Amino acid sequence: MDRNFSAVYPGSFDPPTNGHLDIITRASNLFPNIIVAVTDNVNKRHTFALQERIDLLRKSTKYFKNVEVLSFSGLLADYLKKINSFVLIRGLRALSDFEYEFQMALMNRKLNKKIETIFLTPDQSYTFLSSSMVKEIAMLGGSAKTFVPKCVELELKKRFRNR
Ligand code: ADP
């Protein structure tokens, strides 16, 4: 086995939150290299464009030596094969995440039997946090300051200023 492999943390990150960063921190302590893989899914409507989500994640993770931010399109199982990785990281907040995540993990294993999905739980204070909730707060004129990195807070302010 290549001991220098990368574990992949995929997601929409629309936008990145402190919950995502909590998972990235935990993963970066466990694995030699982490690729945060931003989904470029044309069928999904995103608030932030792919390049914006990548830039926000790169800014938020610049102090991690073993974290790289990339993007992918198409099937995650194919992407893992392409980059020769077999470890997927996902965050599990609550029971409500479980069914979807369980289904995804089994489906990815069906598509590529080498893939193992590792679930990490964030600090308790982030278990209620989601990108959609953060956007909702910003849209309604509230401050997302305690929930997101500084660069995301500024971007949310800019985006929803005129509403
Ligand atoms: P996706 O569309 O792939 O679910 P998200 O950006 O919503 O993309 O989530 C990416 C991953 O991060 C998922 O595994 C999700 O469960 C996890 N995640 C999202 N928010 C949090 C949080 N507050 N704490 C821990 N994990 C989280």
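In listed order, ligands and their atoms are each counted from 1. Values below: all heavy atoms of this structure, side chains included; hydrogens, waters and symmetry mates excluded. Bear in mind that the values here come from a model prediction, so they are computed numbers and not experimental data.
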Measuring only between side-chain heavy atoms, which start at C-beta, is E153 closer than 4.5 Å to K157? yes

In the single-linkage hydrophobic clustering (I, L, V, M, F, W, Y; side-chain heavy atoms under 4.5 Å), do F64 and I34 co-cluster? yes

Would a single hydrophobic cluster contain both I137 and L129, if residues Ile, Leu, Val, Met, Phe, Trp and Tyr are joined by side-chain heavy-atom contacts under 4.5 Å? yes

Under a strict 4.0 Å criterion on non-hydrogen atoms, which protein residues are in contact with ligand 1? Y9, P10, G11, S12, F13, G19, H20, I23, K44, R90, G91, R93, D97, E101, P122, Y126, L129

For F128, give me all partners under side chain to side chain contact (heavy atoms under 4.5 Å, CB included), at least two apart in sequence or on another chain. M133, F147

Taking it one step at a time, do K44 and T39 satisfy side-chain hydrogen bond (donor to acceptor under 3.5 Å, both in side chains)? CA-CA 10 Å; K44 223 172 162 177; T39 49; 5.8 Å; no

Can you get from L57 to L50 by hopping between Ile, Leu, Val, Met, Phe, Trp and Tyr side chains that sit under 4.5 Å apart? yes

